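The chains referred to below are lettered A, B, ... by the order of the sequence lines, with proteins before strands, and numbering in each begins at 1. What you are looking at is a predicted structure, and each value in this text was computed from that prediction instead of being measured.
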There are 2 protein chains.
Amino acid sequence: MEMAKGLTASLEDYLEAIYHIIAEKEAVRAKDISRRLKVSGASVTGALRSLAEKRLVNYAPYDVITLTAEGGRLAKEVVRRHEVLRDFFVKVLAVEEKAANEVACQMEHIVSKEILERFIQFTEFVEVCPRGGSKWIAGFGYYCDHTGAMENCERCLQLALEEARKAKREGGHEMARSAKLSELKPGQRCRVVKLSARGETSKRLAQMGVTPGAVVEVERVAPLGDPIDIKVKGYHLSLRKEEALGVEAEVIEP
Amino acid sequence: MEMAKGLTASLEDYLEAIYHIIAEKEAVRAKDISRRLKVSGASVTGALRSLAEKRLVNYAPYDVITLTAEGGRLAKEVVRRHEVLRDFFVKVLAVEEKAANEVACQMEHIVSKEILERFIQFTEFVEVCPRGGSKWIAGFGYYCDHTGAMENCERCLQLALEEARKAKREGGHEMARSAKLSELKPGQRCRVVKLSARGETSKRLAQMGVTPGAVVEVERVAPLGDPIDIKVKGYHLSLRKEEALGVEAEVIEP
DNA sequence: GAAAGAAGTTCGGCAGGCCTAATAATATAT
DNA sequence: ATATATTATTAGGCCTGCCGAACTTCTTTC
Ligand SMILES: [Mn+2]
Ligand SMILES: [Mn+2]
Ligand SMILES: [Mn+2]
Ligand SMILES: [Mn+2]
């Protein structure tokens, strides 16, 4: 039984950098890493040796650098943490992109699984709750700019209530507009209502967080609707059309 | 001109620990620090030497340990960051105290001034906005426990609206119940409306964040109403009664 | 006031991370 | 094919931060 998985912050950043470089170029060179992380080439060589020892990268002197299966998994985890935190800072705290990325890239090595989960849920909640939502966040921006202005609350609530009622009416009887996940367009968000898929597929989906109640954002849809890239709980997933067909969802209006 | 103030995370934690030990005992012993930070005595000696070199602690071998003026200032800053972040985790993300303290004590070395400010404002906003408030946070708790339950939104908004209206009516014509800061009780929060103080006092108040619009929480009031301990923007302040008399505030109902 | 016990210090060592300078390998251009 | 430029590695150092072990200096107790 192997304990102590813990990578250092520094090594996680190297993994993260390699992951991103792979995503945009074919071959990874030590130079790319050193540019990205702003460290000397010597430091990169050292880090690569550490990572190779831990079986997270395939590396031999002067050879190309690739991630092992395990290294890829860990790298994705780091990236996920980074993105979740950055999104929180940008979307909720209205921090500018650059500053958000900086603090996220340090926090990503600190937050526990449980707290990361909370950040995801909170960001979701704020964006989805009729009492939160974009208006409310705009209100926060106003609050920041005008030291603590809290005027017109009544009107704000009034409008939110009217909108919630309208949405309910339009959604017919019980719920908001329902659809198959496969019918959504990039940028749209929905809440999973039911999984009608069976066996392996449903298992894989469930494992990645596509469960009833989960908020799903569609990121990209390929020309013929296959595959569909989505984001759930910070995970980027690529679903085949058949898989997406098996997911019933209810659209969330912005 | 001295650049590079930056203390390391480790040294900041030593300062923080010393500050807390001073607050609860008279004398600070290396042993207390080593217990608190869970490091060996040898490490404490080393850290104290670094801090003494930087003129942040008064330290000579075998002698008692105290903070210099500058060291005290920095320690308070660290504690402030810690508390602001912990409060955010506890009050907003509903993280349990212990976990919140742990992550706060790591983040405190990472967040920029600007982002700390955002955390303060956001926590304030959530607690003060009628669309936020305790009900809304409870809603978040429910959302966490029941994977994404968002039922009864309409009713929730309806209630919030009614409450906001009631509060407005009760507050008479224009605003909520207005009062001098000196009249409030521990635990109460208010928003500063006007500073009628002049000169030094008003300057000091303004510098510490007691400005129109700021949210102030009363922490303790001494028997005869002097001094009054308050918290503003994460700062703990102790006001004399005369000072508090010069602050007009509007009470925030919970 | 001496001996025992507790607290504090010094020393040497180790690990992680980073650097520069020198050297080696590879890629490119002529 | 050779010279040149680019890229990567090695070697040697520096700094922070931690440790255990040995030693020193209080503090208490009898
Ligand atoms: Mn990072
Ligand atoms: Mn990152
Ligand atoms: Mn800390
Ligand atoms: Mn702390």
Could you tell me the separation between the CG atom of B:Leu51 and the CD atom of B:Glu12, rounded to the nearest 0.5 Å? 10.5 Å
Rounded interatomic separation in angstrom, taking CG from B:Leu48 and P from D:dG17: 13 Å
What is the distance from CD1 of B:Ile33 to P of D:dC18, rounded to the nearest Å? 12 Å
Which pairs with one or both residues in residues 99-120 of chain B pass ring pair (Phe, Tyr, Trp, His ring centres under 6.0 Å), sequence neighbours excluded? A:Phe89-B:Phe119, B:Phe88-B:Phe119
Taking DNA chain C as the partner, which of residues 15-22 of chain B come within under 4.0 angstrom of it by heavy atom? none
Does NZ in A:Lys76 sit with more than 12 non-hydrogen atoms of other residues, nucleotides or ligands closer than 6.0 Å? no
Please determine whether the number of non-hydrogen atoms from other residues, nucleotides or ligands lying under 6.0 Å from atom NZ of A:Lys231 exceeds 12. yes
Length of the CG-C1' vector between A:Asp63 and D:dA8, whole Å: 12 Å
Round to a whole Å and report the spacing from CG of B:Leu51 to P of D:dT16. 12 Å
Name all residues meeting the side-chain hydrogen bond (donor to acceptor under 3.5 Å, both in side chains) criterion together with A:Arg80; count only those two or more places apart in sequence or in a different chain, and write none if there are none. A:Tyr235
What does A:Arg35 touch in the nucleic acid at a heavy-atom separation under 4.0 angstrom: a base, only the sugar-phosphate, or nothing? nothing
Please, which pairs that meet ring pair (Phe, Tyr, Trp, His ring centres under 6.0 Å) have at least one residue in residues 53-84 of chain B, sequence neighbours excluded? none
Heavy-atom pair with the smallest gap, counting every atom of A:Glu16 and A:Cys105: OE1-SG, 3.4 Å
Residue pairs passing the ring pair (Phe, Tyr, Trp, His ring centres under 6.0 Å) test with at least one member in residues 8-35 of chain A, sequence neighbours excluded, are none
When the aromatic ring centroids of A:Trp136 and B:Phe125 are compared, is their separation below 6.0 Å? yes
What is the separation between atom NZ on A:Lys54 and atom C1' on C:dG16, rounded to the nearest whole Å? 10 Å
Atom pair distance, as rounded to whole Å: CD in B:Glu53 and C1' in D:dG17: 15 Å
Take atom CD1 of A:Ile65 and atom P of D:dA8, then tell me their distance rounded to the nearest Å. 7 Å
Rounded distance (Å) that lies between atom C1' of C:dA7 and atom CG of B:Asp32: 11 Å
Treating primed atoms plus P, OP1 and OP2 as sugar-phosphate and everything else as base, which nucleotides of nucleotides 17-29 of chain C get B, S or - for protein heavy atoms under 4.0 Å? SSBB---BS----
